[in-house]
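Down below is the structure, laid out as structure tokens.
The chain is numbered in sequence order, starting from 1. All of these numbers come straight from a predicted model, not from anything done at the bench.
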Amino acid sequence: MRPAIASALMPLVRGMNPEGAHNLSLHALRLGLAGRDKGPDDLVLAVRALGLAFRNPVGLAAGFDKNAVAVLPLMRLGFGFVEAGTATPRPQAGNPRPRLFRLPEDRAVINRFGFNNEGIAAFAARLAALPRPLPAVLGANIGINKEGAVPERDIPALYAAVAVQADYVTINVSSPNTPGLRDLQGEARLAAILDATLAARAELPRRPPVLVKIAPDLAEGAVEAIVGTCADRDVAGLIVSNTTIARPDTLRSIHRAEAGGLSGRPLFQPSTELLRRVHRLSRGRLTLIGAGGVESGETAYAKIKAGATLVQLYAAFAYGGPALVGRIKRDLAALLHRDGVKTLSDAIGVEA
Ligand SMILES: Cc1cc2nc3c(=O)[nH]c(=O)nc-3n(C[C@H](O)[C@H](O)[C@H](O)COP(=O)(O)O)c2cc1C
């Protein structure tokens, strides 16, 4: 099935319950039914970051492929990078269903999955079974279990478990659906976790760069503290941002009051504002990945101009299907050419 056909089927999938539709999409991808983006990408989209070469800056955000079951087919859709996970030390079931809600009038999604996943051993084994070289950059996103977690112990162990396979590793301290998780963004706690992880990393033969994924709901001073804590250490970058617990007044869909993290179009503005601030504060010391409401070449470009080197999407991909990836890349390349930008790196942070 070509992307166009897969996209044409999206309305059918949309009639199902959202989690069922998501699982069906993953299944279709695993079976190779979603088609391929026939490259090559426009050379203006190529970017070097995190010590890695990206064919294009458009990535799939964490949470779509929590168990790394469809990494290769997802890469073949044309993403420059795919971030699998979040994987936790032990398998866990997550929150009771329903836990995923579409807000179509708002082009948004609310989820309260709570890190349902098969655990780091199964995750790492799947990454190890992937054929190399991969057609895109592979990120691994790690987080703690709801019960019995000791972050300063667990995060370094999770990092070590994926270090052989992943091109970069994201520490997720910002999901709103694991009680207490976002407290790990506090300065002292984050410093302790990073120091433990970086110490473990120093002992390993392969040491992929470490990123930290942050929430869009941080207080003013907290952002400065996080940027300082990361920039003072060997942290390569930040992902800005995870889903929000805020509920803008503009939301219209019936599910707007569901508990969980909101993402998609209503997250674009707040997450891009935060990105701009983080870019200013980090003064080039951190590589930034912009996530939150990326749905077009224009929104991807806006993230880059606000300071992102790379972007990620989830909600718009869930709505738009595989064909969206090619469209975003084409439109972004056209915008860069229109503005006379020779290489994407020249556009990073120009409006920060
Ligand atoms: C259903 C769903 C599940 C998600 N699960 C995860 C996750 O496991 N780990 C994570 O770091 N982010 C997770 N996210 C957050 C996304 O990676 C992304 O940061 C956020 O959705 C903003 O991007 P978007 O507006 O393009 O969706 C999830 C998002 C959604 C919609």
Side-chain angles (χ1 to χ4, degrees), residues 19 22-23 26 61-71 83-100 110-128 138-166 168-201 204 208 210-215 217-218 226 235 238-239 241-245 259-261 263 291 314:
E19 186 167 349
H22 175 75
N23 291 336
L26 267 183
F64 190 89
D65 189 1
K66 287 176 185 279
N67 296 304
V69 296
V71 170
E83 187 169 316
T86 296
T88 59
R90 284 168 285 110
Q92 66 180 23
N95 291 320
R97 299 184 193 197
R99 53 194 180 175
L100 175 61
I110 291 175
N111 93 85
R112 51 169 180 268
F113 271 112
F115 291 169
N116 54 311
N117 79 108
E118 294 171 17
I120 193 69
F123 183 83
R126 292 219 179 84
L127 298 190
L138 172 62
N141 182 305
I142 57 175
I144 54 169
N145 282 110
K146 184 178 179 184
E147 311 276 349
V150 182
E152 293 81 353
R153 173 199 69 193
D154 297 345
I155 302 281
L158 288 162
Y159 176 88
V162 295
V164 186
Q165 308 299 340
Y168 73 84
V169 180
T170 303
I171 302 175
N172 181 4
V173 284
S174 49
S175 164
N177 303 311
T178 294
L181 182 75
R182 288 172 300 147
D183 298 339
L184 305 183
Q185 295 173 110
E187 193 168 1
R189 210 61 206 278
L190 184 61
I193 291 165
L194 291 176
D195 287 340
T197 306
L198 295 169
R201 177 176 181 261
L204 298 172
V210 172
L211 284 87
V212 174
K213 185 166 178 178
I214 65 172
D217 310 310
L218 295 161
I226 291 172
V235 171
L238 294 177
I239 301 186
S241 71
N242 215 313
T243 58
T244 179
I245 55 168
S263 58
Y314 186 142

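Under the 4.5 Å side-chain criterion, counting only non-hydrogen atoms from C-beta, Asn172 is in contact with Phe115. You'll find the side chain of Asn177 stays beyond 4.5 Å of the side chain of Phe113, heavy atoms only. A heavy-atom distance below 4.5 Å is not found between the side chains of Glu19 and Pro98.
What you find for Ala160 and Leu204 is that their closest heavy atoms are CA-CD1, 3.9 Å. The two residues Leu127 and Ala140 come nearest to each other via the heavy atoms CD1-CB, 4.4 Å. Summarising the geometry of Tyr314 relative to Gly63, their closest heavy-atom pair is CE1-C, 3.4 Å, with the distance given to 0.1 Å. Nearest approach of Gly85 to Phe123, heavy atoms of both residues: N-CE1, 3.5 Å. In terms of heavy-atom proximity, Leu158 sits nearest to Ala87 at CD2-O, 4.1 Å. Taking each heavy atom of Ala124 and Ala161 in turn, the nearest pair found is CB-O, 3.6 Å.
A side chain to side chain contact (heavy atoms under 4.5 Å, CB included) with Gln185 is found for exactly one of Leu190, Ile193, Ile214, namely Ile214. Among the candidates Asn116, Thr178, Asn145, the single residue satisfying the side-chain hydrogen bond (donor to acceptor under 3.5 Å, both in side chains) test with Thr88 is Asn145.
Atoms CZ and OH, on Arg201 and Tyr159 in that order, are 4.5 Å from each other to the nearest 0.5 Å. If you take CZ on Arg126 and CG on Asp65, they are separated by 8.5 Å, rounding to the nearest 0.5 Å. Taking CD of Glu187 as the reference point, atom CD1 of Ile226 lies at 9.5 Å (rounded to 0.5 Å). Atom CD1 of Ile144 is separated from atom CG of Leu184 by 5.0 Å, given to the nearest 0.5 angstrom. To the nearest 0.5 Å, the span separating CZ on Arg189 from CG on Asp183 amounts to 8.5 Å. Between Ile245 atom CD1 and Ile110 atom CD1 the span is 12.0 Å, to the nearest 0.5 Å.
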Evaluate the side-chain contact (heavy atoms from CB on, under 4.5 Å) criterion for residues Ile171 and Leu194: first the C-alpha distance (whole Å), next the side-chain angles of each, then the deciding distance (0.1 Å), finally the verdict. CA-CA 9 Å; Ile171 302 175; Leu194 291 176; 3.9 Å; yes
side-chain contact (heavy atoms from CB on, under 4.5 Å) evaluation trace for Glu83 with Ile239 | CA-CA 11 Å; Glu83 187 169 316; Ile239 301 186; 3.3 Å; yes
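Using modelled atom types, one side-chain atom of Ser174 and one backbone atom of Lys213 make a donor-acceptor pair closer than 3.5 Å. With hydrogens and angles ignored, the 3.5 Å screen pairs a side-chain donor or acceptor of Gln92 with a backbone N or O of Gly114. Of the possible donor and acceptor atoms, one in the side chain of Asn95 sits under 3.5 Å from a partner among the backbone N and O of Arg112.
A 6.0 Å sphere centred on NZ of Lys66 holds more than 12 heavy atoms belonging to other residues, nucleotides or ligands.
Phe64 and His22 have perpendicular rings, their planes meeting at more than 60° on a 0 to 90° scale where under 30° would count as parallel.
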